[in-house]
Amino acid sequence: MARVIVRNPSGAVVIDDSFVNTALKAKGAVTTANDGNGVISAVVSHTAISSSRLPILALSSNQLVYLSKVQRNGTSVSWKVATQSEGSVSYYIFDDPSSTSAAGSLVLRNAATDVVTFDSDLDYLKVVGVYVTPKGTGVATYQLPPGRVYAIVPLASSYSTQVGPAPSPPNPPPPFPPKWRIELMDASASRISGNTLTVERVTVYNRLLQGGVTNQTYYSGGDSAVMIVDVTSL
């Protein structure tokens with residue numbers, strides 16, 4: 001049982017001292033560039049408060065953006081942020097409040113663990129909603145409430161892979177005639193322009209390789225999902 005519960009006008013619980021309220025821990029921007037493997041990306045790193053909970057990364061860019069990799073080693077977390085062309089991506093990292101110290105005029109702690117769950121000096125995660133795009137959808141758009149600034153939290157990326165025989169490229173190397181295969185992969189990426197959220201499939205890689213295959217294989221992953229957060233005042 002919580003000792004303190006705060007509800008918004010709609011009746012939703014926004015503060016509950018028995019649960020950790022996720023707060024802004026870092027923000028900044030990175031510039032994506034070719035990583036040498038054909039992926040245009042940049043790495044965002046963070047030291048988490050706890051090794052048992054994964055911080056939340058929210059992204060904002062004027063182009064389609066997605067996560068190509070997430071790594072964790074104890075409290076060290078890194079995200080590989082990818083875009084279609086080189087450019088700047090703003091990021092916001094939300095994590096637990098400090099488990100031991102707090103400086104706000106209102107501080108709530110879990111009665112059982114004494115862990116800080118709310119500190120009034122911090123900025124907290126404001127979830128607008130979760131938007132799901134069915135797999136196989138080329139482009140999907142969603143309208144968000146106007147007059148706010150938003151960022152995207154990728155939750156699940158729909159993707160597909162394709163491997164199949166391909167014609168030989170011009171001037172193939174010996175021996176002749178070589179066998180070739182084409183490998184394709186795409187994933188869902190998102191961007192927000194004004195109050196419009198767009199989810200679209202982007203090519204992760206497209207490679208022509210020697211070593212033929214006789215049958216076409218294809219795999220399509222599940223639906224994609226993004227969580228939208230309000231970062232207007234951050």
Side-chain angles (χ1 to χ4, degrees), residues 22-48 54-72 76-95 123-135 137-160 184-206 221-234:
T22 304
L24 179 71
K25 283 297 182 180
K27 64 179 182 178
V30 292
T31 301
T32 58
N34 195 312
D35 67 356
N37 297 310
V39 179
I40 300 173
S41 62
V43 175
V44 177
S45 299
H46 175 67
T47 301
L54 184 68
I56 294 173
L57 177 70
L59 304 171
S60 177
S61 176
N62 60 5
Q63 61 176 311
L64 292 166
V65 62
Y66 64 98
L67 289 181
S68 67
K69 191 174 185 179
V70 180
Q71 287 183 299
R72 179 170 193 159
S76 297
V77 183
S78 65
W79 298 267
K80 193 172 187 180
V81 178
T83 54
Q84 287 185 293
S85 59
E86 296 183 357
S88 178
V89 178
S90 298
Y91 66 84
Y92 305 83
I93 300 174
F94 297 88
D95 201 352
D123 295 309
Y124 288 91
L125 183 71
K126 299 177 182 177
V127 178
V128 176
V130 174
Y131 296 81
V132 178
T133 302
K135 71 175 182 178
T137 303
V139 179
T141 59
Y142 306 89
Q143 296 303 308
L144 307 174
R148 313 296 291 174
V149 179
Y150 300 104
I152 298 164
V153 179
L155 298 178
S157 177
S158 174
Y159 64 93
S160 65
L184 304 173
M185 182 173 181
D186 61 17
S188 55
S190 308
R191 70 165 173 260
I192 294 177
S193 178
N195 67 316
T196 300
L197 165 66
T198 300
V199 181
E200 186 174 339
R201 304 188 73 83
V202 300
T203 299
V204 176
Y205 70 75
N206 181 346
D223 300 340
S224 66
V226 295
M227 181 169 69
I228 304 303
V229 298
D230 185 337
V231 295
T232 304
S233 60
L234 304 183

N/O donor-acceptor pair under 3.5 Å between Ser158 side chain and Ser188 backbone: no
From Tyr150 atom OH to Lys126 atom NZ, the distance as rounded to the nearest 0.5 Å: 11.5 Å
Rounded distance (nearest 0.5 Å) linking atom CG of Asp123 with atom OG of Ser233: 5.5 Å
Side chains of Ile152 and Ile228 in contact at under 4.5 Å (non-hydrogen atoms): yes
Min side-chain heavy-atom separation Thr137-Asp223 under 4.5 Å: no
CA sep, side-chain torsions, deciding dist, call: Gln84, Ile40, side-chain contact (heavy atoms from CB on, under 4.5 Å): CA-CA 6 Å; Gln84 287 185 293; Ile40 300 173; over 6 Å; no
Side-chain (Thr141) to main-chain (Thr198) donor-acceptor, under 3.5 angstrom: no
Closest heavy-atom pair and its distance - Ile93, Ser45: CD1-O, 4.2 Å
Presence of salt bridge, Arg148 and Asp230, under 4.0 angstrom: yes
Pairs involving residues 55-71, ordered by first then second residue, that meet side chain to side chain donor-acceptor pair (under 3.5 Å) (sequence neighbours left out): Gln63-Ser85
Side-chain heavy-atom pair Asn34, Val39 within 4.5 angstrom cut-off: no
Donor-acceptor contact below 3.5 Å, side chain Tyr92 vs main chain Val229: no
Side-chain touch Ser224/Val199, heavy atoms, less than 4.5 angstrom: yes
Student check: side-chain heavy atoms of Tyr124 and Leu24 closer than 4.5 Å: no
Criterion side-chain contact (heavy atoms from CB on, under 4.5 Å) on Val153 and Val226, from CA distance to verdict: CA-CA 6 Å; Val153 179; Val226 295; over 6 Å; no
Separation of Phe94 CZ from His46 NE2 (nearest 0.5 Å): 11.5 Å
Sub-4.5 Å side-chain heavy-atom contact between Lys80 and Val70: no
Minimum side-chain heavy-atom gap Val81-Leu57 below 4.5 Å: yes
Val204 vs Tyr159, side-chain contact (heavy atoms from CB on, under 4.5 Å): CA-CA, chis, key distance, verdict: CA-CA 9 Å; Val204 176; Tyr159 64 93; over 6 Å; no
Pairs meeting criterion salt bridge (Lys or Arg N to Asp or Glu O under 4.0 Å) with involvement of residues 81-91, two or more places apart: none
Between CG on residue Leu184 and CG on residue Asn206, distance to nearest 0.5 Å: 4.5 Å
Check against salt bridge (Lys or Arg N to Asp or Glu O under 4.0 Å), Arg201 and Asp186: CA-CA 6 Å; Arg201 304 188 73 83; Asp186 61 17; 2.8 Å; yes
Shortest non-hydrogen separation from Val65 to Thr83 and the atoms involved: CG2-CG2, 4.0 Å
Residue pair Lys27 / Leu234: nearest heavy atoms and the distance that separates them: NZ-C, 3.0 Å
Val132 to Tyr142 - nearest heavy-atom pair and separation: O-OH, 3.1 Å
Heavy-atom side-chain proximity of Ile56 to Asp95 below 4.5 angstrom: no
From Arg191 atom CZ to Leu64 atom CG, the distance as rounded to the nearest 0.5 Å: 4.5 Å
Heavy-atom closest contact (Pro154 atom, Leu67 atom, distance): CG-CG, 4.0 Å
Smallest separation among heavy atoms of Gly222 and Lys135, with atom names: O-CB, 3.5 Å
